[in-house]
Amino acid sequence: MMSKTNLVETKHYAIWRNIYILFVVLYVCGIVYNSAMPFMAGDDINFYTAFKQGEQVWHGLDFGIGRFFPLAGWNLNLVALFSTSPYAFMIGNACVFIITAWAFWRIGMALCAFSNSNYYGGGGIYV
């Protein structure tokens, strides 16, 4: 049988989990909704033009201007193998966001489990 404290903690966990899932779903919908809009500014229009011409997108390395993010276009290049629709690119970005959100959720759960362990007396993590 669950103690009253554990039951309250379980309810709080369920509430925060549902809020987090709702946030992730709304954010993903915002990414995919009206997908042609991000192509109005920035590097996206250059990437899209390169894909339409059958080229690969920039890899993210340019030390002359101080840019170093080697995985910059990997997901766009992967999606371009199947489709060059703006919606396809934004769905690819949404998938990357979902994976990142899941990773942050797992890290948060691990930190909560660690802070509630008896290793530090169960007092929690204080920031």
Side-chain angles (χ1 to χ4, degrees):
M1 182 167 172
M2 267 189 168
S3 69
K4 192 172 187 177
T5 305
N6 287 341
L7 187 59
V8 170
E9 287 176 3
T10 303
K11 284 182 182 178
H12 286 293
Y13 167 77
I15 290 169
W16 284 111
R17 182 197 63 217
N18 291 340
I19 289 172
Y20 187 74
I21 290 171
L22 179 66
F23 169 76
V24 169
V25 167
L26 290 176
Y27 201 89
V28 165
C29 290
I31 290 173
V32 177
Y33 175 74
N34 201 6
S35 289
M37 201 58 175
F39 293 118
M40 301 298 283
D43 292 335
D44 292 339
I45 191 66
N46 297 329
F47 293 160
Y48 187 68
T49 305
F51 286 132
K52 282 298 189 183
Q53 295 171 352
E55 301 171 2
Q56 294 265 322
V57 81
W58 178 58
H59 50 73
L61 300 175
D62 191 353
F63 297 115
I65 59 173
R67 288 191 174 186
F68 177 73
F69 40 102
L71 298 177
W74 72 270
N75 65 327
L76 298 177
N77 286 322
L78 184 65
V79 171
L81 294 174
F82 304 103
S83 174
T84 56
S85 163
Y87 284 101
F89 292 126
M90 291 302 124
I91 289 171
N93 288 340
C95 290
V96 170
F97 176 75
I98 289 170
I99 292 168
T100 304
W102 175 80
F104 276 115
W105 178 260
R106 297 298 298 168
I107 290 169
M109 294 307 298
L111 286 174
C112 287
F114 177 73
S115 69
N116 290 330
S117 69
N118 289 327
Y119 186 72
Y120 285 111
I125 295 176
Y126 298 103
V127 179

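Hydrogens, waters and symmetry mates play no part in the numbers below; they use all other heavy atoms, side chains included. This one's a predicted model, so the numbers in the text were calculated from it and none came from an experiment. For this chain, numbers begin at 1 and follow the sequence in order.
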Review point. Is it the case that one hydrophobic cluster holds both Trp105 and Val24, taking links as side-chain heavy atoms less than 4.5 Å apart, direct or via other members?
Key: yes

Check your understanding: Would a hydrophobic clustering, with Ile, Leu, Val, Met, Phe, Trp and Tyr connected at side-chain separations under 4.5 Å, put Tyr20 with Met109?
Key -> yes

**Study point:** Side chain proximity check, Met90 to Tyr33, heavy atoms < 4.5 angstrom
**Key:** no

**Study point:** Co-membership, hydrophobic cluster, residues Phe23 and Val28, 4.5 Å side-chain
**Key:** yes

Practice item. Starting from Trp16, walk the hydrophobic network (Ile, Leu, Val, Met, Phe, Trp, Tyr; side-chain heavy atoms closer than 4.5 Å) and list everyone else you reach, by chain and number. Key: Ile15, Ile19

Review point. Distance from Leu78 atom CG to Phe89 atom CZ, nearest 0.5 Å?
Key: 10.5 Å

Review point. Looking at residues at least two apart in the chain, or sitting in another chain, which of them share a ring-ring contact (aromatic ring centres under 6.0 Å, His included) with Phe104?
Key: none

**Study point:** Close side-chain approach of Val96 and Thr100, heavy atoms under 4.5 Å
**Key:** yes

Study note, to complete from the structure: Tightest non-hydrogen contact, residues Phe97 and Ile31, listed as CB-CD1, 4.1 Å

Check your understanding: Linking Ile, Leu, Val, Met, Phe, Trp and Tyr by side-chain heavy atoms under 4.5 Å, what else ends up with Leu26?
Key -> Leu22

Revision key, fill the gap. Heavy-atom closest pair (Val32 atom, Ala94 atom, distance to 0.1 Å) is CG2-CB, 4.0 Å

